[in-house]
Protein chains: 2
Amino acid sequence: MGATIRDVARAAGVSPSTVSRALAMSELVNPATVERVRRAAESLGYQPNPVARGLITGRTRNLGLIVPDLANPFFPGVVKGMQARAREADYAVFVADTDEDPGLESRLARKLAKQVDALVLCSPRLADDELLALAADVTLVLLHRRAGDLPAVLADNAGGMRQAVGHLSALGHRRIGLVAGPVSSWSNSERVAGLRAACAGRVELTELGNFAPTFDGGVAAADIVLASEVTAVIAYNDVMALGLVNMFTARGVGVPGRISVVGCDDIPQAAMSSPPLTTVAVPKEQTGRAGVDLALALLDPAGPGPAPARELGAQLLVRGTTGPAGR
Amino acid sequence: MGATIRDVARAAGVSPSTVSRALAMSELVNPATVERVRRAAESLGYQPNPVARGLITGRTRNLGLIVPDLANPFFPGVVKGMQARAREADYAVFVADTDEDPGLESRLARKLAKQVDALVLCSPRLADDELLALAADVTLVLLHRRAGDLPAVLADNAGGMRQAVGHLSALGHRRIGLVAGPVSSWSNSERVAGLRAACAGRVELTELGNFAPTFDGGVAAADIVLASEVTAVIAYNDVMALGLVNMFTARGVGVPGRISVVGCDDIPQAAMSSPPLTTVAVPKEQTGRAGVDLALALLDPAGPGPAPARELGAQLLVRGTTGPAGR
DNA sequence: CCCACCTCTACAAACGATTGCAAAGTGTTT
DNA sequence: AAACACTTTGCAATCGTTTGTAGAGGTGGG
């Protein structure tokens with residue numbers, strides 16, 4: 001269909017190899033020839049075939065990204081960041097969604113592995129050893145997950161929790177509840193651990209079961225939170241926090257009058273709800289960008305060795321769901 | 001790195017071509033040989049290189065999907081549906097996000113075109129003639145957009161609007177407002193037209209400017225709606241409707257007591273807001289699936305010719321933001 | 001004036017698979 | 001026993017590019 005390099009060669013009166021060099025390594029070719037080739041390529045609308053190029057170079061200039069659930073408003077931010085950075089580096093991105101299914105995650109990863117130069121896994125649900133096995137087959141970067149010493153981009157969960165507790169503590173809260181997310185989530189463990197450390201010796205922490213990281217999970221947790229007699233609650237993520245607030249409101253429990261609520265992630269809806277949600281913001285786009293940076297560094301043979309992990313800051317955003325501890 | 005077909009051939013004591021046939025067209029090969037090849041491939045962990053295969057077959061088994069904005073909760077549903085269907089057909093999906101920028105959309109489309117068998121454009125912002133030009137270079141499927149007679153998957157906007165007006169009319173509303181979305185959006189024009197037709201002769205329709213299809217767009221429209229003295233309002237999409245409800249509530253205007261609100265799309269947040277949003281649901285996952293079906297049919301050389309357009313139903317979901325027309 | 005050297009270009013061999021064609025081997029028919 | 005058909009397999013070309021190597025042509029120095 002499209003013009004090939006041979007068509008351009010014929011049109012320019014040179015050999016295909018000269019065309020290739022003129023277009024890619026023009027300093028090795030006579031400027032006049034380069035110009036002639038350029039013009040021929042232009043007039044034929046020649047676009048190099050990335051498949052053929054990939055076959056010989058072994059590089060596809062594609063990156064893969066696997067996320068648990070695109071419908072979770074947290075992930076589109078990561079995807080956008082990754083796409084933007086990839087585009088700058090002239091890479092394209094395959095995106096796959098696993099529906100939170102580890103089996104599917106594994107299969108998708110292996111399938112994608114052959115078509116991309118590096119695979120970026122965001123919040124993978126796979127076990128550590130499976131991730132390490134995967135890393136043997138393909139250049140791998142982890143986002144929001146640590147496994148062995150695989151390259152990873154992480155958020156400062158501990159720092160974020162510290163800020164949240166500091167904020168609540170300053171408002172007079174002495175009993176804080178934690179609505180935990182899924183056990184299989186590494187971020188959840190991190191946040192729980194960070195929260196414990198931040199509370200230690202200052203405020204009493206009541207940990208409330210594990211709930212689904214969804215709006216309904218938050219709804220389900222709401223009454224349990226109320227029964228626990230805390231004056232503030234921190235949820236594993238914003239979606240759950242929104243569920244909590246919604247149910248509190250339905251129960252006639254004032255937020256933040258009677259109870260304060262803090263979420264995590266800072267999804268777009270957090271700022272739009274009423275009252276707007278106080279939350280620990282995790283840099284989403286930046287995570288995606290950093291993932292590409294790491295992947296590119298790993299791919300670069302002349303690179304200054306691997307930068308195994310990169311930690312991004314987390315930032316408490318005080319909005320409308322936190323206030324002074326009630327009577 | 002990975003084993004090639006030659007490695008398998010050597011291990012099985014046959015030629016590469018036999019390996020290829022044994023794996024792909026096993027009925028042409030002696031069953032015993034097939035078994036031997038299978039075993040060899042298995043033990044070497046052989047995975048055919050899709051790049052090499054793509055070079056000779058001219059098929060990549062990849063599909064491209066371009067959406068205006070992944071952060072808009074409408075699109076992840078489409079992406080998920082498309083991925084699921086593509087996975088069933090053993091295709092992978094490239095996803096790109098244009099940030100609502102037509103220029104970027106055009107560039108991404110052309111770049112992706114070489115790497116995929118077909119390109120699916122969801123709610124493209126490009127002009128008709130550009131879309132037609134693109135279709136000359138790559139198999140193209142449009143979602144929620146008609147251009148020339150390019151293959152397309154559409155929603156029954158007119159039907160949805162008819163249901164919405166019927167519902168509001170039954171509740172006693174005689175003056176309905178319309179908060180329109182971006183002029184460049186084809187869906188917007190469709191919905192406006194559908195609404196006009198549905199209202200004709202029954203209820204008075206007040207069309208209110210064009211607003212950004214965002215939460216803030218809805219917020220900005222709220223006071224204008226109130227000034228227009230309608231008893232119900234239909235927004236271009238749910239995100240805007242949510243902005244409207246939010247601002248109405250902030251102004252102390254009861255929803256649905258004083259004014260009823262209807263959205264479009266049925267994004268996940270629509271059901272989670274309070275009160276939950278009455279909306280015209282558009283099948284999102286099904287749109288994605290239908291897009292793949294259309295693309296596959298187009299790609300199939302033995303196919304029964306092109307099915308140029310497919311229309312999906314729209315369904316009014318009555319929830320909490322609509323009620324009887326106030327005093 | 002010749003040789004060495006440098007610049008530029010062409011040839012050909014990859015990359016890893018698929019596939020048309022021919023050859024080898026087996027069984028059947030005349 | 002020869003000819004034929006059919007099954008099974010291997011050879012070699014091919015897809016469109018990149019890249020190592022060699023050769024052609026030109027320039028400058030000895």
Side-chain angles (χ1 to χ4, degrees), chain A residues 1-41 44-62 90 111 113-117 137-138 301, chain B residues 1-38 40-41 44-62 90 92 111 113-117 137-138 301:
Chain A
M1 177 165 259
T4 78
I5 204 172
R6 312 175 75 92
D7 300 327
V8 178
R10 205 172 312 123
V14 296
S15 78
S17 45
T18 301
V19 174
S20 175
R21 275 187 263 257
L23 263 23
M25 322 143 78
S26 54
E27 68 282 358
L28 294 182
V29 178
N30 187 322
T33 312
V34 170
E35 189 49 36
R36 197 147 34 96
V37 170
R38 282 247 170 80
R39 231 187 290 273
L44 289 173
Y46 168 73
Q47 293 278 113
N49 180 329
V51 174
R53 172 181 294 170
L55 182 56
I56 189 147
T57 61
R59 288 288 168 85
T60 60
R61 295 199 82 84
N62 291 151
D90 201 31
K111 180 130 173 281
K114 301 277 158 195
Q115 309 213 49
V116 300
D117 294 343
D137 293 348
V138 61
Chain B
M1 177 164 258
T4 77
I5 204 172
R6 312 176 75 92
D7 300 327
V8 178
R10 206 171 310 123
V14 296
S15 77
S17 43
T18 301
V19 174
S20 174
R21 275 187 269 255
L23 264 23
M25 323 144 79
S26 54
E27 68 282 359
L28 295 182
V29 178
N30 186 323
T33 312
V34 169
E35 188 50 35
R36 198 147 33 94
V37 170
R38 283 248 170 80
L44 289 172
Y46 169 73
Q47 294 277 113
N49 182 329
V51 174
R53 171 179 295 169
L55 183 56
I56 190 147
T57 61
R59 287 287 168 87
T60 59
R61 295 199 83 83
N62 290 150
D90 201 33
K111 180 130 173 282
K114 301 276 157 193
Q115 309 213 49
V116 299
D117 294 344
D137 293 348
V138 61

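Keep in mind that the numbers below use all heavy atoms, side chains included, and drop hydrogens, waters and symmetry copies. Naming convention: chains lettered A, B, ... in sequence-line order (proteins, then strands); numbering from 1 in each chain.
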(request) Scan residues 27-35 of chain A against DNA chain C and write down, sorted by residue number, each residue with any heavy atom closer than 4.0 Å; if none is found, say none. (result) A:L28, A:V29, A:N30, A:T33

(message) Please report the distance, rounded to the nearest Å, between CG in A:L23 and C1' in D:dT19.
(response) 15 Å

(message) Without decimals, in angstroms, what is the distance between A:I56 CD1 and D:dT17 C1'?
(response) 6 Å

(message) Can you give me the closest heavy-atom contact between A:Y46 and A:I5, atom names plus distance?
(response) CE1-N, 3.5 Å

(message) Is any side-chain heavy atom of B:V14 closer than 4.5 Å to one of B:V19?
(response) yes

(request) In whole angstrom, give the distance that lies between atom CZ of A:R6 and atom P of C:dA12. (result) 12 Å

(request) Write down the distance between CZ (B:R53) and P (C:dC15), rounded to a whole number of angstrom. (result) 19 Å

(message) I want to verify a distance call: between D:dG16, C:dA17, D:dT17, whose nearest atom is closest to the A:L55 side chain?
(response) D:dG16

(message) If you compare all heavy atoms of B:A3 against all heavy atoms of B:L44, which two are closest, and at what distance to 0.1 Å?
(response) CB-O, 3.9 Å

(message) Using a distance-only criterion (donor-acceptor N/O pair, under 3.5 Å, no hydrogens), is the base of D:dG20 paired with the side chain of A:R21?
(response) yes

(request) Take B:A24 and A:P16, find for each the nucleotide of DNA chain C with the closest heavy atom, and name the residue whose nucleotide sits nearer the 5' end. (result) A:P16

(request) With heavy atoms under 4.0 Å as the rule, sort A:V14 into base, sugar-phosphate or nothing. (result) sugar-phosphate

(message) Measuring only between side-chain heavy atoms, which start at C-beta, is B:T18 closer than 4.5 Å to B:S15?
(response) yes

(request) Determine the contact category for A:P50: base if any of its heavy atoms lies under 4.0 Å from a base atom, sugar-phosphate if only primed atoms, P, OP1 or OP2 are that close, otherwise nothing. (result) nothing

(request) Examine C:dT18: is either OP1 or OP2 under 4.0 Å from a nitrogen or oxygen in the side chain of B:S20? Give yes or no. (result) yes

(request) Taking B:T60 for its side chain and B:Q115 for its backbone only, find out whether a donor-acceptor pair lies under 3.5 Å. (result) yes

(request) Looking only at side-chain atoms of A:A52, point me to the closest of D:dT17, C:dA10, C:dA17. (result) D:dT17

(message) Below the 4.0 Å mark, does D:dG10 have OP1 or OP2 next to a side-chain nitrogen or oxygen of B:T18?
(response) yes

(request) Would you tell me if any nitrogen or oxygen in the side chain of B:T57 comes within less than 4.0 Å of OP1 or OP2 on C:dT18? (result) no

(request) Tell me which nucleotide among C:dC11, D:dC11, C:dC15 gets nearest to the side chain of B:S17. (result) D:dC11

(message) Between C1' on C:dA17 and CD on B:Q47, what's the gap in Å once rounded to a whole number?
(response) 14 Å

(message) Using a heavy-atom cut-off of 4.0 Å across all strands, would you classify B:T4 as base, sugar-phosphate, or nothing?
(response) sugar-phosphate

(request) Identify, with sequence neighbours excluded, every residue that meets side chain to side chain contact (heavy atoms under 4.5 Å, CB included) alongside B:K111. (result) A:D90

